[in-house]
Amino acid sequence: MPDPPARHLNLAGASNFRDLGGYPARDGRAVRWRQIFRSNHLGHLTGADIEVLRGLGVRRAFDFRGTEERVAAICGVEDIVVHSLPVEPTVVAALRARLATGVPLSTTDALEVMRDSYRNYVRQNTPSFRALFAHLVGDHAPLVIHCTAGKDRTGFACALILHALDVPDHLISEDYLLTNTFYRRDPSVSSDLPDEVRQVLGSVEPSFLAAAFEAIRADYGSLENYFSEGLRLGAAERSELKARYLEA
């Protein structure tokens with residue numbers, strides 16, 4: 001049997017660019033390779049990186065960044081159509097607000113604020129994730145999903161995709177945590193925050209993703225209800241998604 005394609009593509013101008021393919025679903029099929037990619041932002045791609053994306057056939061990017069983030073690093077790849085699905089960032093602002101009270105920030109504060117942000121993906125930003133699934137059900141081209149770091153908004157979106165395709169929980173967690181291997185933290189980001197706090201912001205941990213799924217259970221009763229009521233992904237749409245993104 002030939003070796004599977006590389007999951008991580010080591011691009012010079014983007015870190016954390018990975019393929020969601022290859023994960024086995026519960027029905028015995030596996031997620032198709034080279035269809036859905038996840039990444040940090042695409043604003044610093046080199047010419048060689050752009051050629052790699054062209055070779056992969058990537059035609060669409062789904063960008064969860066907020067307004068200011070997008071302006072700061074615009075994707076300039078002319079043959080990629082960018083769909084903006086904004087989820088405004090809240091973490092740094094929340095930590096700076098705490099810092100302004102004069103109380104020193106700790107890693108506990110950072111962890112708490114990160115978990116809160118994931119809960120808000122469900123409680124305040126479900127329409128953006130719903131729009132992503134509407135595109136996934138109707139789109140054929142290889143595509144990339146990203147935010148700024150490609151770890152939190154993107155991580156939650158990709159966990160939802162893998163759940164919708166019936167990939168087992170432990171593999172979804174493994175994919176999510178690969179960020180800690182492949183993400184290159186930007187040392188200039190939020191330099192007014194303590195380094196131990198920035199380390200939390202530059203990584204992922206299981207409790208972040210768990211906070212989002214706890215909010216789903218609290219607000220919708222179950223993940224299945226969230227798919228049908230929150231994301232409007234009913235049985236027909238789930239079948240279409242599996243037909244498109246799982247190997248025959």
Side-chain angles (χ1 to χ4, degrees), residues 6-20 34-96 114 117-118 120-121 125 127-129 131-132 135-136 139 141-161 175-176 178-193 197-204 208:
R7 182 167 304 288
H8 175 248
L9 286 86
N10 192 18
L11 303 180
S15 70
N16 218 13
F17 193 101
R18 318 198 310 257
D19 192 328
L20 276 192
R34 299 306 192 238
Q35 295 298 301
I36 303 175
F37 299 92
R38 53 175 296 176
S39 182
N40 70 332
H41 74 79
L42 306 176
H44 296 156
L45 294 177
T46 66
D49 295 338
I50 291 169
E51 288 306 311
V52 171
L53 265 62
R54 284 195 178 121
L56 295 169
V58 173
R59 294 287 178 270
R60 302 259 190 284
F62 295 91
D63 183 356
F64 284 113
R65 294 179 300 168
T67 307
E68 290 184 14
E69 294 172 287
R70 288 198 309 278
V71 170
I74 293 169
C75 173
V77 186
E78 58 189 37
D79 42 4
I80 291 181
V81 176
V82 178
H83 299 269
S84 178
L85 306 174
V87 175
E88 292 292 343
T90 58
V91 168
V92 172
L95 289 169
R96 284 177 177 154
M114 287 297 296
S117 75
Y118 275 71
N120 288 337
Y121 296 159
N125 296 287
S128 287
F129 297 102
L132 172 67
H135 282 292
L136 288 172
D139 213 323
L143 54 94
V144 58
I145 298 162
H146 75 91
C147 49
T148 290
K151 68 185 197 67
D152 299 310
R153 292 163 286 190
T154 298
F156 176 57
C158 290
L160 288 175
I161 291 167
D175 182 77
Y176 173 73
L178 283 176
T179 280
N180 292 334
T181 302
F182 295 118
Y183 176 57
R184 299 190 295 267
R185 189 157 59 104
D186 182 346
S188 69
V189 171
S190 316
S191 55
D192 55 325
L193 299 174
V197 167
R198 284 189 289 138
Q199 284 176 1
V200 171
L201 304 193
S203 61
V204 291
F208 299 167

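Remark: C158 SG to R153 CZ distance equals 13.0 Å, nearest 0.5 Å. The CG atom of L53 sits 8.5 Å away from the CG atom of D79 when rounded to the nearest 0.5 Å. Taken from CZ in F182 to CZ in R7, the straight-line distance is 9.0 Å, to the nearest 0.5 Å. Between atom CZ of residue R18 and atom CZ of residue F37 there is a gap of 12.5 Å, rounded to the nearest 0.5 Å. From R54, atom CZ reaches atom CD1 of I80 across 8.5 Å, with rounding to the nearest 0.5 Å. Put simply, CG on D139 and CD on Q35 are 10.0 Å apart, with the number rounded to the nearest 0.5 Å.
Side-chain atoms of S128 come within 3.5 Å of backbone N or O of P86 as a donor-acceptor pair. R34 places no side-chain N or O within donor-acceptor distance of the main-chain N or O of P142, the cut-off being under 3.5 Å. Proximity of a side-chain donor or acceptor of K151 to a complementary backbone N or O of S203 within less than 3.5 Å is detected. In this structure a side-chain-to-backbone donor-acceptor pair under 3.5 Å is missing from T46 to G13.
The closest side-chain heavy-atom distance from L201 to L95 is below 4.5 Å. Side-chain contact between V200 and M114 is present, with heavy atoms from C-beta onward closer than 4.5 Å. At a threshold of 4.5 Å between non-hydrogen side-chain atoms, the residues L42 and V144 count as touching. Residues L136 and L143 are in side-chain contact: their nearest non-hydrogen atoms beyond the backbone lie under 4.5 Å apart. Contact annotation: the side chain of R65 approaches that of H41 to within less than 4.5 Å [non-hydrogen atoms, C-beta and beyond]. Proximity of L56 to L9: side-chain heavy atoms (C-beta onward) are separated by under 4.5 Å at one or more points. Using a 4.5 Å heavy-atom cutoff, the side chains of F64 and D152 are not in contact.
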(message) Assess the residue pair H8 and L178 against the criterion (side-chain contact (heavy atoms from CB on, under 4.5 Å)); give the C-alpha distance rounded to whole Å, side-chain angles, the decisive distance to 0.1 Å, and a yes or no.
(response) CA-CA 9 Å; H8 175 248; L178 283 176; over 6 Å; no
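With 3.5 Å as the limit, one finds a donor-acceptor pair spanning the side chains of N16 and T179. For the 3.5 Å distance criterion, the side chains of N120 and S117 fail to qualify, holding no donor opposite an acceptor.
In terms of heavy atoms, H146 sits closest to N40 at CB-O, 3.5 Å. Among all heavy-atom pairs drawn from L45 and D49, the shortest one is CA-OD2, 3.7 Å.
Ring pair Y176/Y118 is perpendicular by interplanar angle, where above 60° counts as perpendicular and below 30° as parallel.
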